[in-house]
Amino acid sequence: MKTPRPSKAPRRVYPEEFKKEAVQMLLDGHSAPSVAQNLGIPHTSLLYRWKAEALGQEGKAASAREARVRQLEEQLRRTERERDVLKKALAIFSQGT
């Protein structure tokens, strides 16, 4: 006689608009764990799958946009470092007078 197995919880179906918003949050720079937690998604793997599907649908435009975002983020970090160096230099030269 077979013992009954515990039934799995039914798979949750997410609306397309919800998936798009979650992917957009990833593309905006939020981390996958934080997006998953904020939206109540049990696994980050779902987010990565949705992102891959979305990028596959959007094709080269999405890849180009993502590359441009990475480029702009690096430029921002470099500019912030330069600003910090100039602030320190100003503070040092201001003390001398």
Side-chain angles (χ1 to χ4, degrees):
M1 184 168 166
K2 292 183 180 180
T3 57
R5 283 193 262 174
S7 62
K8 289 184 179 180
R11 290 181 65 178
R12 186 166 173 196
V13 178
Y14 296 94
E16 286 301 314
E17 189 62 31
F18 180 84
K19 292 178 184 181
K20 287 179 184 178
E21 289 178 20
V23 168
Q24 189 57 50
M25 289 174 75
L26 284 177
L27 295 176
D28 288 343
H30 297 281
S31 70
S34 69
V35 173
Q37 182 178 13
N38 290 338
L39 298 179
I41 300 169
H43 303 287
T44 56
S45 60
L46 282 174
L47 290 171
Y48 293 124
R49 186 180 334 135
W50 296 344
K51 180 180 175 186
E53 289 171 1
L55 293 180
Q57 290 171 358
E58 294 179 13
K60 292 182 180 181
S63 298
R65 183 174 54 233
E66 203 166 292
R68 179 69 174 144
V69 167
R70 280 193 300 272
Q71 178 187 14
L72 290 171
E73 287 174 340
E74 177 56 37
Q75 183 178 354
L76 175 62
R77 284 190 290 277
R78 184 175 52 251
T79 303
E80 288 173 338
R81 285 191 303 268
E82 291 171 357
R83 178 204 60 201
D84 293 343
V85 167
L86 291 173
K87 277 183 174 180
K88 289 177 184 177
L90 181 62
I92 290 170
F93 289 124
S94 297
Q95 292 174 354
T97 58

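Here the straight-line distance linking atom OH of Tyr48 with atom NE2 of His43 works out to 13.5 Å at 0.5 Å rounding.
In this structure, Lys51 and Val23 approach most closely via the heavy-atom pair N-CG2, 3.6 Å. Nearest heavy-atom pair, Ala32 versus Leu47, reported as atom, atom and distance to 0.1 Å: O-CD1, 3.3 Å. Of all the heavy atoms in Ile41 and Tyr14, the pair that sits closest is CA-OH, 4.2 Å.
A salt bridge links Lys19 with Glu16: the closest approach of a Lys/Arg side-chain nitrogen to an acidic carboxylate oxygen falls below 4.0 angstrom. Using a cut-off of 4.0 Å between Lys/Arg side-chain N and Asp/Glu carboxylate O, Arg70 and Glu74 are scored as not salt-bridged.
Under the 4.5 Å side-chain criterion, counting only non-hydrogen atoms from C-beta, Leu26 is in contact with Val35. Side-chain contact between Lys20 and Gln24: absent, with no pair of heavy atoms (C-beta onward) separated by less than 4.5 Å. Looking only at side-chain heavy atoms (C-beta outward), Met25 and Leu39 come within less than 4.5 Å of each other.
When only modelled atom types and interatomic distance are considered, Gln75 and Arg78 share no side-chain donor-acceptor pair under 3.5 Å.
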